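Notes for the one structure printed next.
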Amino acid sequence: MGDATVRTPERLEEGVPHPVTEVTGRGLVRRLRTPRRPRLWFEILLIGVSYWTYSLVRNAVPEQRGQALRNADWIWRLEHQLGIAVEESVNHAVNSVTWLIIGMNYYYATLHFVVTLGVLVWLYRSHPGRYAATRMVLFATTGVALLGYYLYPLAPPRLMTGERFIDTVTVHETWGSMASGDLKNMSNQYAAMPSMHIGWSVWCGLTIFALASVPWVRVLGLMYPALTLVVIVATANHFWLDAVGGLLCLAFGYAVARAWYGTLPHALPRTVPPRAARRPVRSPSR
C-alpha cells in the first residue's frame, strides 16, 4: 500500500470548486464595486462623451416658453410667501458696481467648468482610490438634473416678463451666459431648475473640504459654493429655489455612490494597489 495522504481542512477547501454563481454573479459585482486605479485615457474619453451627452440632452429638451414663464411666476410668488424673494434687490445692487458684475458674469460662464475639472484632476492624481466613487456622485447628480430640465421647464429671472430683473450679460455686453446674446440659440434658455452651478460647486466644495490636508484650502472649498450662490442670483440666472434643486440632485448622487460602494467616497482608501498586485496568485498545477 502507498503512503496515506492526509487532507487537511485547508486542502479540502482548495479541492472544492467555487460555485459558478459566485464567480459570474456576486464575484463580478464585488470586482466592479472594488475601488481601482483609474485609467487616464478612459477618464478623458468618459468625461468628454458624458459632457457632450449632457449638453445634447439638455439642449434637446423642448423649451416650452409659456410653461417655463408660468413656472417662474409660481416660483417667484412662492419665494414671496416664504420671505426669501430678494433676488431682484441683489441683482440691482450688484449691477450698480460695474467691475463686480462683469467679473461675476465671467465667473458664471467659466468657473463651473474650470473648478470641476480641476477637482477631478486632483482626485485622479492624489486620491485614486476615491476617484471613481466621487466621480459617480458627480455623474449621478448631473443625470438626475436632466430629468428636472425635462419635467420642469423654468425661465431664469432675467427672462421673466413684468419684472425688473436685469440681464447683466446683455446690459454690460459681456460673455457670461450661454443663453444670452449671440449664444442664446445654442443653449436651452428654460433649463434653470435645478441649478447645476450649485450642484457642481457644492460637490467641489465638499470634496475639497473632506480630502484636502491644508486648512486654508479646505476653507476655500467651502467658500466656493457660497460665492457661486451669490453669483447665480446677482446675474439673475437663478432663483434661490433653483439652488435647492441642485442640492437635492447632489444628495441623490451621494446616495447612489453610498449604495454602490457601501460608504461615502471620502471614507474609501486614498490609494489602491497596482492592478498586477491585486491579481490572485494561482497555485501550480499538480
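Position 1 is the first residue of the sequence, and the numbers go up from there. Quick caveat, the model's predicted, so the values are computed rather than measured.
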Stepwise, does the side-chain contact (heavy atoms from CB on, under 4.5 Å) test hold for Val137 with Val256? CA-CA 7 Å; Val137 174; Val256 170; over 6 Å; no

Evaluate the criterion side-chain contact (heavy atoms from CB on, under 4.5 Å) for residue pair Leu138 and Val119; output intermediate values, then yes/no. CA-CA 11 Å; Leu138 182 65; Val119 171; over 6 Å; no

Do Tyr190 and Gln64 pass the side-chain contact (heavy atoms from CB on, under 4.5 Å) test, and can you show the C-alpha distance, the side-chain angles, and the key distance before you say yes or no? CA-CA 8 Å; Tyr190 303 107; Gln64 304 179 32; over 6 Å; no

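From Asn105, atom CG reaches atom CD of Glu173 across 11.5 Å, with rounding to the nearest 0.5 Å. Expressed to the nearest 0.5 Å, how far CG of Asn237 lies from CG of Asp242 amounts to 9.5 Å. Rounding to the nearest 0.5 Å gives a distance of 11.0 Å between NE2 of His92 and OG1 of Thr168. Note that CG of Leu111 and OH of Tyr224 are 5.5 Å apart. Values are rounded to the nearest 0.5 Å. Rounding to the nearest 0.5 Å gives a distance of 9.0 Å between NE2 of His266 and OH of Tyr254. The distance from the CG atom of Leu220 to the CG atom of Leu227 is 11.0 Å, given to the nearest 0.5 Å.
Looking at Thr228 and Ile232, their side chains come closer than 4.5 Å, going by heavy atoms from C-beta outward. Taking the side chain as every heavy atom from C-beta outward, Gln67 and Tyr152 never approach each other to under 4.5 Å. Between Ile101 and Thr235, some side-chain heavy-atom pair lies under the 4.5 Å cut-off. At least one side-chain heavy atom of Val86 sits less than 4.5 Å from a side-chain heavy atom of Trp240. Put simply, the side chain of Cys249 reaches to within 4.5 Å of the side chain of Met196, judged on heavy atoms. By the 4.5 Å heavy-atom criterion applied to side chains, Val244 and Phe239 are not counted as neighbours.
Across all non-hydrogen atoms, the minimal contact from Pro194 to Gly246 is CB-N, 3.4 Å. The minimum heavy-atom distance linking Met104 with Val230 is given by the pair CE-CG1, 4.0 Å. The two residues Arg130 and Pro269 have their closest heavy-atom pair at CG-O, 3.6 Å. The two residues Leu159 and Leu69 have their closest heavy-atom pair at O-CD2, 3.5 Å. The two residues Arg65 and Thr161 make their nearest non-hydrogen contact at NH2-CG2, 4.4 Å. Contact record, Asn91 with Val233: CB-O, 4.3 Å, taken as the closest heavy-atom pair.
Hydrophobic clustering (ILVMFWY, side-chain heavy atoms < 4.5 Å, transitive): Ile208 and Leu222 are in distinct clusters. Residues Ile166 and Val169 fall into different hydrophobic clusters, defined by Ile, Leu, Val, Met, Phe, Trp and Tyr side chains chained together at heavy-atom separations under 4.5 Å. If you chain together hydrophobic residues whose side chains sit under 4.5 Å apart, Val121 and Leu211 never meet in one group. Cluster annotation: Val115 and Val231 are assigned to the same hydrophobic cluster (Ile/Leu/Val/Met/Phe/Trp/Tyr, side-chain heavy-atom contacts under 4.5 Å, transitive). Under the 4.5 Å side-chain heavy-atom criterion for Ile, Leu, Val, Met, Phe, Trp and Tyr, Met160 and Ile84 are members of the same hydrophobic cluster.
A donor-acceptor distance shorter than 3.5 angstrom exists from the side chain of Asn71 to the backbone of Pro153, with no hydrogens or angles considered. Remark: side-chain polar atoms of Glu79 are paired, donor with acceptor, to backbone N or O of Leu241 under 3.5 angstrom. Side-chain atoms of Ser126 do not come within 3.5 Å of backbone N or O of Leu123 as any donor-acceptor pair.
Relative orientation of the His80 and Trp76 rings is perpendicular, given thresholds of 30° and 60° on the angle between their planes. Taking the six-membered ring for Trp and thresholds of 30 and 60 degrees, His197 and His238 have ring planes inclined between 30 and 60 degrees apart.
Partner of Thr98 under the side-chain contact (heavy atoms from CB on, under 4.5 Å) criterion, out of Ile102, Leu100, Asn95: Ile102 alone.
No side-chain N or O of Thr134 forms a donor-acceptor pair with one of Trp203 less than 3.5 Å apart.
Seen from the ring of Phe209, Arg218 counts as a face-on cation partner, given the 6.0 Å and 45° thresholds.
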